Amino acid sequence: MLKFEAVDYYLLDDLFTDEEKLIRDTVRNFVEEEFIPIVEDCYMKGEFPGHLIPKLGELGILGCTIQGYNCAGLNSISYGLICQELERGDSGLRSFASVQSSLVMYPIYTFGTEEQKQKWLPKLAKGEVIGCFGLTEPDFGSNPAGMLTRAKRKGDYYILNGSKMWITNGSIADIAVVWAKNDDDVICGFLVEKGTEGFSAPEIKNKHSLRASVTSELILQDVKIPVENMLPNSKGIKHALMCLNQARYGITWGVIGAAMACYSTALNYAKTRIQFGKPIASFQMVQEKLVYMLNEITKAQLLSFRLGQLKDQGKMKPEHVSLAKMNNVNMARKVGLLAREILGANGVAAEYPIMRHMNNIESVFTYEGTHDIHTLTVGRSITGISAFV
Ligand code: TGC
Ligand code: FAD
């Protein structure tokens, strides 16, 4: 079994509190003991290990930064470290937690009524209820503001029509946060419950990436939902994008975990693989690759740590998150590639986690805003000129 090793060249542990380290190590143990032994099988079969969801709830991982409603009320560094450890196992596990926490619980907590919060948050925190977040549509990915999904008010109900694409957890969700335009063309969030007539969530099969994660289409055909299922404080695309900031923040930490898994595997391999009578770690070109990986991981760690501080101090801006999402995912992509090179043919073997992580990172590179969209977001913030219009 793969054993997780600390990758902490700049002694970041000195910056974490005892509580943060305890939380990280608890999640690390859970992932090592209960997830790593089954993840390759899940990945090959294209299945998410749903039986672990209650355990995520028990550990206080779901909605962990929310205060009250049976949530743990942790700080952002703790949340980041949790994402790191989950994604060190597999991006699919972190994706599940990101969606449930940042894209379902956060909007209910931030834009919902007290009744909605009381009804949904404690169950979502325990993993008794699963959620998904429907923003992307078949023809509107990077530009969600152009969405076609509509919510038409009819007395005490809204009638929803449209479709959403590439939705994590869609087919296993009990509740979907669906973004749709109302009669005034304002984008709002709606809670659509599983089993509502006209609502279905077929799974998208045959992915080469995030295979241990459920991805689905959401189909809404004259779906009648009571007005109480609208999130009343959600008004405009800005509010959907606010949810993304939370998830993107977690991704910046998560991909460090995936990169650590690839780096540690490559380092151990290089020290024991003998070619030309010597460990390949003795060759200068292999050392250069290992040092590059460590350097990139270390910079990403510092970026996420500072971002976490800014978040907790209320100073984090969307473009701060964009910079870290862009940098850290790109870092994990490159680290995965170099790690695979170092393992030679073994780099493509399922016995090692590298290609699974590499394939996963291709989705992470695209979802929650592509690398280029984040580049342009930072570009807009420094030039004052938008490349989007
Ligand atoms: P734009 O004109 O730039 O902005 C409209 C208003 O929103 C504000 N804003 C934000 N507010 C909070 N957070 C952000 N990140 C924000 N970005 C923009 C902005 O200040 C403005 O406010 P105001 O007060 O002036 O009205 O909007 P735009 O329509 O031009 O779009 C800009 C753009 C391209 C950056 C945005 O659409 C974008 O981020 N596109 C990427 C779409 C995306 O990331 N989709 C993700 C879908 S969910 C997902 O992928 C889940 S994966 C789940 C998993 O982990 O498994
Ligand atoms: P497009 O927007 O069509 O972009 C295609 C290419 O064009 C990209 O390279 C992009 O960078 C480039 N491009 C687009 N516009 C510009 C521009 N203005 N300037 C320069 N280049 C540009 N969405 C959800 O709502 N909920 C989810 O739970 C969810 N989960 C996902 C899970 C997986 C596994 C995947 C793969 C996606 C998921 N998504 C989800 C969707 C994801 O957010 C979108 O795929 C993403 O926002 C990009 O949209 P798109 O795929 O339509 O690409």
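Index from 1, following the sequence. Atom set for the values below is all heavy atoms of this structure, side chains included, hydrogens, waters and symmetry mates excluded. What you see is a predicted model, and the numbers here were worked out from it, not measured in a lab.
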Between Lys21 and Asp25, is there a salt bridge with N-O shorter than 4.0 Å? no

Just checking His51: does its NE2 atom have more than 12 heavy atoms from other residues, nucleotides or ligands closer to it than 6.0 angstrom? yes

Quick one: does Asp174's side chain have a donor or acceptor within less than 3.5 Å of a partner on Ile130's backbone? yes

Does Phe283, at its CZ atom, have more than 12 non-hydrogen atoms belonging to other residues, nucleotides or ligands within less than 6.0 Å? yes

Does Lys55 come within less than 4.0 Å of Glu34, counting only side-chain N to carboxylate O? yes

What class does the angle between the rings of Phe96 and Phe48 fall in, given that below 30° is parallel, 30 to 60° is tilted and above 60° is perpendicular? parallel

Using a strict 4.0 Å threshold on nitrogen-to-oxygen distance, state whether Lys289 and Glu341 make a salt bridge. yes

Asp8 side chain to Asp13 main-chain N or O, any donor-acceptor pair under 3.5 Å? yes

Would you say that more than 12 heavy atoms from the other residues, nucleotides or ligands in this model lie under 6.0 Å from the CZ of Phe276, or not? no

Sub-3.5 Å donor-acceptor pair from the side chain of Asn161 to the main-chain atoms of Arg150, do we have one? no

Measuring from atom OG of Ser91 to atom CG of Leu210, what distance do you get when rounded to the nearest 0.5 angstrom? 5.5 Å

Okay, side chain of Lys235, backbone of Pro232: is any donor-acceptor separation there less than 3.5 Å? yes

If we count only N and O atoms by modelled type, under 3.5 Å, do the side chains of Tyr269 and Asn346 hold a donor and an acceptor together? yes

For the side chain of Gln287 and the backbone of Ala281, is there at least one donor-acceptor N/O pair under 3.5 Å apart? yes

For the side chain of Glu19 and the backbone of Leu74, is there at least one donor-acceptor N/O pair under 3.5 Å apart? no

Report yes or no: do Gln246 and Lys311 form a side-chain donor-acceptor pair below 3.5 Å? yes

In terms of hydrophobic clustering (I, L, V, M, F, W, Y; side-chain heavy atoms under 4.5 Å; direct or indirect links), are Ile342 and Met358 co-clustered? yes

Does CD belonging to Gln284 count more than 12 external heavy atoms closer than 6.0 Å? no

Using a strict cut-off of less than 4.0 Å between a Lys/Arg side-chain nitrogen and an Asp/Glu carboxylate oxygen, indicate whether Lys154 and Asp222 qualify as a salt bridge. no

I'd like to know if Met242 and Leu121 are part of one continuous hydrophobic network [Ile/Leu/Val/Met/Phe/Trp/Tyr, side-chain heavy atoms within less than 4.5 Å]. yes

For Arg24 and Thr26, indicate whether the former's side chain and the latter's backbone hold a donor-acceptor pair under 3.5 Å. no

Is the backbone N or O of Leu124 less than 3.5 Å from a side-chain atom of Gln100, with the two atoms forming a donor-acceptor pair by type? yes

Glu85 with Arg94: basic N within carboxylate O range, under 4.0 Å: no

Would the distance check show the side chain of His357 and the main-chain N or O of Gly257 forming a donor-acceptor pair, the cut-off being under 3.5 Å? no

Going by distance alone, is a donor N or O of one side chain under 3.5 Å from an acceptor N or O of the other, for Ser102 and Tyr79? yes

Any side-chain donor near an acceptor of the partner, Glu20 and Asn75, under 3.5 Å: yes

